[in-house]
Amino acid sequence: MGITVAMVTGDNQTTAEAVAKELGIDTVFAEVLPVQKAEKVKELESQGRLVAMVGDGINDAPALVQADLGIAIGAGTDVAIESGEVVLVKNDPRDVVKAIHLGHLVLGKIKQNIAWAIGYNAIALPIAAGVLYPGFGLLLSPQVAAIAMSASTITVTLNSLALSRQTRSLG
């Protein structure tokens with residue numbers, strides 16, 4: 001399923017289309033009254049779409065709450081900031097794409113770290129518990145098990161720190 005980027009704005013049609021063209025936005029809903037913004041988000045969601053709403057004003061707050069992901073512009077009103085799950089510090093719409101990309105990178109690291117931890121524990125815990133001792137004579141002393149656990153923690157930490165290298169390109 002592809003991504004459709006839509007703009008819902010109270011601005012007039014001509015202005016909205018010019019901004020949408022500059023930002024590469026597919027669909028424009030212009031001259032939308034403040035009370036209609038949340039309804040438009042519901043309409044898009046009812047079509048099975050995941051909706052991220054970006055807003056900065058009081059009239060955006062209901063739509064920010066309704067959306068699957070509400071993104072408030074930090075330079076906006078307190079009501080908008082309180083309504084969004086994500087708050088962008090700068091007043092730059094390009095930061096929306098950066099924030100979504102960062103979210104994907106973080107989620108990827110979380111999955112990697114969980115896989116590492118499960119893999120480590122699936123191997124090390126039975127050995128440390130003595131499950132393999134009767135058949136193979138394998139047993140970890142408590143000291144070696146503690147060092148191995150520390151090594152696992154260090155590996156997960158270093159993997160997480162690698163995220164900073166990936167995010168430098170985001171600006």
Side-chain angles (χ1 to χ4, degrees), residues 1-122 152 155-171:
M1 181 164 119
I3 295 174
T4 301
V5 178
M7 182 167 76
V8 180
T9 180
D11 294 333
N12 70 54
Q13 190 72 35
T14 304
T15 302
E17 287 176 1
V19 170
K21 183 177 179 183
E22 186 174 330
L23 295 175
I25 294 175
D26 307 324
T27 308
V28 177
F29 302 102
E31 301 175 21
V32 177
L33 296 174
V35 295
Q36 295 172 320
K37 289 183 178 182
E39 292 170 13
K40 189 54 79 172
V41 170
K42 283 182 192 176
E43 179 185 322
L44 292 168
E45 289 174 331
S46 72
Q47 296 170 6
R49 298 181 186 187
L50 288 175
V51 178
M53 170 69 185
V54 181
D56 65 351
I58 292 171
N59 59 12
D60 295 324
L64 288 168
V65 171
Q66 175 63 45
D68 296 300
L69 175 62
I71 303 172
I73 302 294
T77 64
D78 290 342
V79 173
I81 291 170
E82 291 296 321
S83 299
E85 288 95 4
V86 174
V87 178
L88 302 177
V89 178
K90 295 184 281 183
N91 193 17
D92 186 349
R94 292 174 294 200
D95 287 344
V96 172
V97 175
K98 291 177 186 177
I100 291 170
H101 185 62
L102 177 61
H104 287 292
L105 290 174
V106 169
L107 187 59
K109 281 296 173 192
I110 290 169
K111 290 177 181 177
Q112 289 172 6
N113 287 341
I114 289 173
W116 173 257
I118 289 172
Y120 166 81
N121 286 317
S152 171
T155 302
V156 168
T157 303
L158 291 174
N159 187 42
S160 297
L161 289 173
L163 184 62
S164 67
R165 284 192 306 256
Q166 291 176 291
T167 58
R168 284 190 191 123
S169 65
L170 295 177

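All heavy atoms count here, side chains included; hydrogens, waters and symmetry mates do not.
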Thr155/Trp116 under side-chain contact (heavy atoms from CB on, under 4.5 Å): CA gap, chis, key distance, verdict: CA-CA 9 Å; Thr155 302; Trp116 173 257; 3.6 Å; yes
Take Val19 and Glu22 through the side-chain contact (heavy atoms from CB on, under 4.5 Å) test and state the conclusion after the steps. CA-CA 5 Å; Val19 170; Glu22 186 174 330; 5.8 Å; no
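Nearest heavy-atom pair across Ala16 and Val28 is CB-CG1, 3.6 Å. Nearest heavy-atom pair across Gly55 and Ala80 is O-CB, 4.4 Å. When all heavy atoms of Val96 and Ile71 are compared, the closest pair comes out as CG1-CD1, 3.9 Å. Between Ala61 and Val79 the shortest heavy-atom distance is CB-CG1, 3.5 Å. Minimum heavy-atom separation, Leu88 to Ala99: CD2-CB, 4.0 Å. Between Ile81 and Ala72, the closest heavy-atom pair is CA-CB, 3.7 Å.
Heavy atoms of other residues, nucleotides or ligands lying less than 6.0 angstrom from CD1 of Ile58 number 12 at most.
Listed by first and then second residue, the side-chain hydrogen bond (donor to acceptor under 3.5 Å, both in side chains) pairs involving residues 64-83 are Glu45-Gln66 (not counting sequence neighbours). The stretch residues 51-63 participates, sequence neighbours left out, in these side-chain hydrogen bond (donor to acceptor under 3.5 Å, both in side chains) pairs: Lys37-Asp60. Among residues at least two apart or in separate chains, side-chain hydrogen bond (donor to acceptor under 3.5 Å, both in side chains) pairs with a member in residues 6-20 are Thr9-Asp11, Asn12-Thr15, Gln13-Glu17.
Remark: Asn91 engages no residue in a side chain to side chain donor-acceptor pair (under 3.5 Å) (not counting sequence neighbours). The side chain to side chain donor-acceptor pair (under 3.5 Å) test applied to Lys40 returns Glu43, not counting sequence neighbours. Applying the side chain to side chain donor-acceptor pair (under 3.5 Å) rule to Gln47 yields the partners Arg49; only residues at least two apart in sequence or on another chain are considered.
Asp95 is listed as a side-chain neighbour of Lys98, based on a closest heavy-atom distance under 4.5 Å. At least one side-chain heavy atom of Thr167 sits under 4.5 Å from a side-chain heavy atom of Leu102.
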